[in-house]
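Just so you know, these numbers use all the heavy atoms, side chains as well, and skip hydrogens, waters and symmetry mates. Lettering of chains follows the sequences in order, A, B, ..., and the numbering in each one begins at 1.
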There are 2 protein chains.
Amino acid sequence: MANDKVTSAQVAALAGVSQSAVSRVFTPGASASKKTVERVRAAALELGYRPNALARGLITGRTRIIGLVVAYLDNQFYPVALELLSRALQERGYHILMFMAGNTTDKIAEVVGELMDYQVDGIITASVAMSNDLTTRCAAAGIPVVMFNRGQDDARLSEVTSDNVAGGRRAAEFLLAGGHRRIAHVMGWQGSSTGRDRAAGFSQAMRAAGVAPVAMIDGMYNRETAASVARDLFSGPDRPDAVFVGNDHMAFAVMDVLRFELGLSLPGDVSVVGYDDVPLASWPAYDLTTIRQPVRRMVDATVDALMAQIEGDGMPRKLQIDGSLIIRKSARTP
Amino acid sequence: MANDKVTSAQVAALAGVSQSAVSRVFTPGASASKKTVERVRAAALELGYRPNALARGLITGRTRIIGLVVAYLDNQFYPVALELLSRALQERGYHILMFMAGNTTDKIAEVVGELMDYQVDGIITASVAMSNDLTTRCAAAGIPVVMFNRGQDDARLSEVTSDNVAGGRRAAEFLLAGGHRRIAHVMGWQGSSTGRDRAAGFSQAMRAAGVAPVAMIDGMYNRETAASVARDLFSGPDRPDAVFVGNDHMAFAVMDVLRFELGLSLPGDVSVVGYDDVPLASWPAYDLTTIRQPVRRMVDATVDALMAQIEGDGMPRKLQIDGSLIIRKSARTP
DNA sequence: CGGGTTTTTGCAAACGAATGCAAGAAGGGG
DNA sequence: CCCCTTCTTGCATTCGTTTGCAAAAACCCG
């Protein structure tokens with residue numbers, strides 16, 4: 001049966017037609033008579049023939065491979081997104097070539113270079129920034145790029161995020177409405193647009209209410225950092241009575257420190273609000289009040305944007321998807 | 001600069017050498033004089049040339065792409081493994097083409113078929129079983145397959161697991177040593193080797209101690225199922241005083257039910273032992289006593305096995321990596 | 001400086017499929 | 001039944017590389 005490499009020529013021979021005929025049978029939208037189709041199909045089945053995607057890609061210029069660059073997977077938001085992305089693309093006949101990149105510029109450049117070697121049809125970056133130079137290279141090569149959950153001020157890039165400014169504002173307003181006046185913000189990494197936007201929204205709402213934040217400290221989207229920030233912030237004599245944390249991943253760390261190291265109760269002593277609404281946030285051990293990022297819709301938007309640019313003549317687009325506040329038990333309810 | 005498609009021929013023209021020369025400069029281990037190398041490198045840099053991986057793959061028969069098939073990512077063990085795998089392979093110049101497959105046979109077959117279309121150099125399956133037919137096809141195509149965290153009785157397949165039988169035994173022994181006599185087991189999915197092996201080890205140790213398990217129920221490696229199993233098991237009048245759960249992911253669900261629905265205290269009322277030691281297990285909100293699967297070593301072994309078969313003449317191998325018991329606070333300590 | 005070795009080089013043939021072109025087959029209408 | 005149109009088909013070229021082969025160049029040593 002299916003031996004090492006079956007080529008279209010072998011199928012052609014068996015079916016008694018030319019190699020072109022075989023190709024046409026396997027190329028959607030090419031012309032072939034009913035009889036040829038049948039004979040070729042039969043021969044292909046017998047030999048276990050499947051078209052070689054590399055050869056096809058070489059000549060058509062499309063590989064149906066999407067490059068995915070992601071910085072880390074320990075924040076649960078990303079595996080969830082990855083799973084959805086992968087499924088959505090698979091449904092449309094595309095496949096994901098995956099790369100882990102630290103968030104350093106040159107590592108990312110290296111990785112994008114390798115992606116381009118494989119002639120990917122498009123690139124999705126998750127929680128990763130593109131340097132200007134890199135964007136230029138992708139644009140020159142005609143490879144559309146869409147940034148998932150990160151924004152950047154460059155018209156050549158598509159981006160899909162939640163409305164982070166609104167989200168930050170919403171978090172602050174909720175805490176204020178709960179009667180809190182000593183509110184701190186453990187910020188998302190200030191090197192990222194999401195971190196900055198959420199912080200900006202938070203500040204905005206605080207200012208509007210005439211309340212000054214107790215502190216705004218960068219938690220780097222990192223569990224350890226967030227924990228140590230929480231320790232500093234809450235060990236002193238006049239500690240905050242509420243904290244908005246830049247994402248759920250850090251919020252869990254903060255809650256751990258508050259409850260298990262400092263013996264504080266939530267929401268009795270302190271209110272905590274997170275951002276993302278990852279699955280773990282709804283588990284009773286945390287039961288975290290948080291701003292939801294609608295992953296599913298974000299993923300759909302990402303795939304749509306990419307497909308529009310690959311298959312149609314779509315232009316880069318910037319989308320913000322609104323996320324609602326999910327009220328649970330980690331923060332006092334107004 | 002870097003225009004749409006730069007080919008080796010263009011570089012050759014600019015450098016004043018033949019196209020073959022360019023190829024040789026970019027092929028490790030090919031002969032080229034110092035002078036040629038220099039001139040070609042310079043020209044390549046100027047034009048932004050990079051070898052087309054598709055064309056290269058077409059002729060060499062190696063793509064440096066590894067197909068990865070994974071069933072789900074909601075169990076934290078897999079994202080962690082995925083990240084390590086991806087990094088390890090990247091270091092060796094390989095890349096991951098990722099596929100999500102449910103655990104249904106035909107879905108997997110479909111996915112493996114698509115993988116083969118891309119002429120992958122090897123396949124890693126994580127928490128996924130291979131049908132006999134599929135294994136045959138891969139073997140015929142000369143594509144090595146290594147199963148990560150799953151075993152199968154087929155000499156053509158490599159596999160890397162932890163020593164699940166020993167692990168299950170260890171868990172039971174630990175609970176027995178803690179003085180428990182009413183011990184239940186929420187089993188890992190019995191359709192998987194890991195689930196069966198852990199259960200077998202557990203049974204073995206119980207039998208050796210002359211203690212009959214209170215219950216052994218399949219939790220399907222699924223959070224909801226595990227939770228409802230826990231509800232049934234622990235709501236009755238004479239509930240177990242200890243439970244060994246087939247993996248951490250389910251153990252968290254069980255703990256949630258025990259503590260937050262049934263108001264039981266751990267390890268006071270009930271002892272819980274899990275399997276995997278995912279990062280979350282060490283967070284104080286769970287602080288789960290568990291059998292560690294040494295992911296890093298498992299990943300290294302996986303990559304080694306794969307490389308041996310791809311680059312050398314290695315035979316398929318079956319590896320079991322021993323994992324130790326990590327004692328935390330969810331179970332009574334002897 | 002000559003004869004023999006070793007390196008470097010270009011030529012041309014792969015790899016496996018898609019596709020423009022022109023010829024052949026089939027179909028349709030009067 | 002013939003002519004004109006529409007479908008199918010095969011031929012040959014193309015995509016961007018690697019690589020075997022043989023010629024050319026460089027090197028070495030006496």
- [ ] Give the minimum heavy-atom separation between A/Val120 and A/Ile66, together with the two atoms involved.
- [x] CG1-C, 4.4 Å
TODO: Nearest whole angstrom, please: distance from the C1' of D/dT17 to the CZ of B/Arg64.
DONE: 16 Å
Open item on the list: Please tell me whether A/Glu114 and B/His95 have a donor and an acceptor in their side chains that are separated by less than 3.5 angstrom.
Closed with: yes
TODO: Check whether any side-chain N or O of A/Thr36 sits under 4.0 Å from OP1 or OP2 of D/dT9, and answer yes or no.
DONE: yes
Task: Polar contact flag, side-chain donor to acceptor under 3.5 angstrom, B/Ser23-B/Gln19 - done: no
- [ ] Find which nucleotide of DNA chain D each of B/Val22 and A/Gly16 is nearest to by heavy atoms, and output the residue with the more 5' nucleotide.
- [x] A/Gly16
Task: Pair of N/O donor and acceptor under 3.5 Å linking C/dC11 base with B/Ser20 side chain - done: yes
TODO: Could I get the full list of side chain to side chain contact (heavy atoms under 4.5 Å, CB included) partners for B/Leu14, not counting sequence neighbours?
DONE: B/Ala43, B/Glu46, B/Leu47
Task: Side-chain H-bond candidate by donor/acceptor type, B/Arg156 with B/Thr136, under 3.5 Å - done: yes
Which donor-acceptor pairs under 3.5 Å do the side chains of residues 139-152 of chain A make with protein atoms, sequence neighbours left out?
unit_1   : atom_1 : unit_2   : atom_2 : d
A/Asn149 : OD1    : A/Gln293 : NE2    : 3.4
A/Asn149 : ND2    : A/Tyr78  : OH     : 3.1
A/Arg150 : NH2    : A/Thr194 : OG1    : 3.4
A/Gln152 : OE1    : A/Met130 : N      : 3.3
A/Gln152 : NE2    : A/Met130 : O      : 2.3

Task: Close aromatic pair by centroid cut-off 6.0 Å: B/Phe26 and B/Tyr49 - done: yes
Open item on the list: Rounding to 10°, can you tell me the angle the first-five-pair axis of the helix from C/dC1-D/dG30 to C/dG30-D/dC1 makes with its last-five-pair axis?
Closed with: 20°
Task: Closest non-hydrogen atom pair between A/Val17 and A/Thr36, with its separation - done: CG1-CG2, 4.0 Å
Distances under 3.5 Å between protein N/O atoms and the N/O atoms of nucleotides 21-26 of chain C, please, pair by pair.
none

Open item on the list: Can you confirm whether the side chains of B/Gln320 and B/Ser162 place a donor and an acceptor under 3.5 Å from each other?
Closed with: no
Open item on the list: Taking salt bridge (Lys or Arg N to Asp or Glu O under 4.0 Å) as the cut-off, I'd like each qualifying pair that reaches into residues 7-36 of chain A, sequence neighbours left out, listed once.
Closed with: none
Nucleotide N/O of nucleotides 15-17 of chain C paired with protein N/O under 3.5 Å:
unit_1 : atom_1 : unit_2  : atom_2 : d
C/dA17 : OP1    : A/Tyr49 : OH     : 3.0
C/dA17 : OP1    : A/Asn52 : N      : 3.0
C/dA17 : OP2    : A/Ser8  : N      : 2.4
C/dA17 : OP2    : A/Ser8  : OG     : 3.2
C/dA17 : O5'    : A/Tyr49 : OH     : 3.4

Open item on the list: Taking only side-chain N and O atoms of B/Ser18, does any of them lie within less than 4.0 angstrom of OP1 or OP2 on C/dG10?
Closed with: yes
Open item on the list: Mind checking if B/Ser31 touches a base, just sugar-phosphate, or nothing, with heavy atoms under 4.0 Å?
Closed with: base
TODO: Could you grab the distance from atom CZ of A/Arg296 to atom CE of A/Met298, nearest 0.5 Å is fine?
DONE: 13.5 Å
